[in-house]
Amino acid sequence: MGALVEEFPVILGAFWLTIRLTLASAAAALVLGTVLAAMRVSPFGVLRGVATVYVNTLRNTPLTLVIVFCGLGLGLVLDVSFSESLSVNYLWLSIIGLSAYTAAFVCEAIRSGINTVPVGQAEAARALGLTFTQNLRFIVLPQAFRAIIAPLGSLLIALTKNTTVAAAIGVAEASLTMKSLFERHQDSVVAIFFGFALAFLVLTLPTGLFFGWLSRRLKVVR
């Protein structure tokens, strides 16, 4: 317990980095996933094909490989840089990897929500002269999002836990900090482990409860 008190500022900083990784990746994944879902239901075969290949490829690729590709492939080989600071650069590369990977799952969740919208509503919108984009924006997506609030909450919880993979390219989030504390305080390994486990529970449990409440609150009654 003494190690947790002594290293509390370091632990707090690590979890703050985890929260930043989660929020930034979640926002980017939601936007990209929505675009991909629109492409998956598009009347244009090329767009459907591109989105299908992207989703199937990313969903069947281990996240560790995606993160390592972003860190080594984009960062070192292609020299993609967001900052002169190496740590900040790898943070942004991790966000790219996490958001690109999570977007594939967000896309499928949104597509399943789109499938819950009665076909007659979309046909009526087209009969009124709405374009495909307007139909999605005003008729289909608002109902689809209300139907998938709980799945999106589950994806956010999974993303929070997946941020630990960013340690593969040296991002000092919670799991990498925990490993470092294990090495420095070998007599307090159990206390450190349970302390970090409790902290992750504090991050994820309220998220699940909130999205569960929101799902019931905004449930679409058909």
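- In this structure, CD1 in Ile19 is found 10.0 Å from OG1 in Thr163, a value given to the nearest 0.5 Å.
- Thr102 places no side-chain N or O within donor-acceptor distance of the main-chain N or O of Ser99, the cut-off being under 3.5 Å.
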For Phe15 and Phe196, run ring pair (Phe, Tyr, Trp, His ring centres under 6.0 Å): C-alpha distance rounded to whole Å, both residues' side-chain angles, the deciding distance at 0.1 Å, then the answer.
CA-CA 9 Å; Phe15 273 99; Phe196 273 78; 5.4 Å; yes
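- Leu91 is listed as a side-chain neighbour of Arg20, based on a closest heavy-atom distance under 4.5 Å.
- Both Phe44 and Leu36 sit in one connected hydrophobic cluster of ILVMFWY residues. Membership requires side-chain heavy atoms under 4.5 Å apart, directly or through other members.
- Note that OG1 of Thr52 and CZ of Arg40 are 3.5 Å apart. Values are rounded to the nearest 0.5 Å.
- Ala100 and Leu58 make their closest contact through O-CG, 3.9 Å (heavy atoms, listed as atom of the first residue, atom of the second, distance).
- Between the Arg146 side chain and the Leu218 main chain, a donor and an acceptor come within less than 3.5 Å of each other.
- Judged by distance alone, the side chain of Asn89 and the main-chain N or O of Phe82 form a donor-acceptor pair under 3.5 Å.
- In this structure, CZ on Phe210 lies 10.5 Å from CG on Leu156, to the nearest 0.5 angstrom.
- Atom CG of residue Leu74 and atom CZ of residue Phe69 lie 4.5 Å apart, to the nearest 0.5 angstrom.
- A donor-acceptor pair is defined here as one N or O able to donate and one able to accept, closer than 3.5 Å; such a pair exists between the side chain of Gln134 and the backbone of Thr131.
- In the hydrophobic cluster analysis, where Ile, Leu, Val, Met, Phe, Trp and Tyr join through side-chain heavy atoms closer than 4.5 angstrom, Leu201 is grouped apart from Leu21.
- Atoms CD and CG, on Glu123 and Asn135 in that order, are 10.0 Å from each other to the nearest 0.5 Å.
- Tracing side-chain contacts under 4.5 Å through hydrophobic residues (I, L, V, M, F, W, Y), one reaches Leu72 starting from Leu98; they form part of the same cluster.
- In this model, no donor atom of one side chain and acceptor atom of the other lie less than 3.5 Å apart for Arg137 and Thr133.
- Tracing side-chain contacts under 4.5 Å through hydrophobic residues (I, L, V, M, F, W, Y), one never reaches Leu198 starting from Met178; they form parts of separate clusters.
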Before you tell me yes or no, could you show the steps for Tyr101 and Leu159 under side-chain contact (heavy atoms from CB on, under 4.5 Å), namely the whole-Å CA-CA distance, both residues' side-chain angles and the distance that decides it to 0.1 Å?
CA-CA 10 Å; Tyr101 178 81; Leu159 175 59; over 6 Å; no
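- In this structure, Leu136 and Pro142 approach most closely via the heavy-atom pair O-CD, 3.7 Å.
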Can you list the steps and then say if Ile110 with Leu141 is a side-chain contact (heavy atoms from CB on, under 4.5 Å)?
CA-CA 8 Å; Ile110 295 175; Leu141 285 181; 4.0 Å; yes
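- What you find for Ile67 and Ala166 is that their closest heavy atoms are CG2-CA, 4.2 Å.
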Apply side-chain contact (heavy atoms from CB on, under 4.5 Å) to Leu152 and Phe145, showing your working.
CA-CA 9 Å; Leu152 287 180; Phe145 275 111; 4.1 Å; yes
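- At least one donor-acceptor pair under 3.5 Å links the side chain of Gln143 to the backbone N or O of Ile139.
- Judged by distance alone, with hydrogens and angles left aside, the side-chain atoms of Arg48 form a donor-acceptor pair with the main-chain N or O of Ser42 at under 3.5 Å.
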Tell me, with the steps shown, if Ser112 and Ile148 meet side-chain contact (heavy atoms from CB on, under 4.5 Å).
CA-CA 8 Å; Ser112 68; Ile148 60 166; 4.0 Å; yes
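- No side-chain heavy atom of Leu12 sits less than 4.5 Å from a side-chain heavy atom of Trp16.
- Distance alone, capped at 3.5 Å, places no donor-acceptor pair between the Ser215 side chain and the Phe211 backbone.
- Contact detail for Asn56 and Asn60: the closest heavy-atom pair is O-ND2, 2.6 Å.
- Taking the side chain as every heavy atom from C-beta outward, Leu17 and Thr177 never approach each other to under 4.5 Å.
- Here the side chain of Thr164 pairs a donor or acceptor atom with the backbone of Lys161 at under 3.5 angstrom.
- Checked by atom type and distance alone, the side chain of Asn162 pairs as donor or acceptor with a backbone atom of Ala158 at under 3.5 Å.
- With Val68 as the fixed residue, the side chain to side chain contact (heavy atoms under 4.5 Å, CB included) test singles out one of Thr64, Val66, Leu65: Thr64.
- Contact check for Ile157 versus Phe200: no side-chain heavy atoms found under the 4.5 Å cut-off.
- The cluster map of Ile, Leu, Val, Met, Phe, Trp and Tyr, joined by side-chain heavy atoms under 4.5 Å apart, puts Val189 and Leu181 in the same cluster.
- Here the straight-line distance linking atom CG of Leu214 with atom CG of Leu209 works out to 12.5 Å at 0.5 Å rounding.
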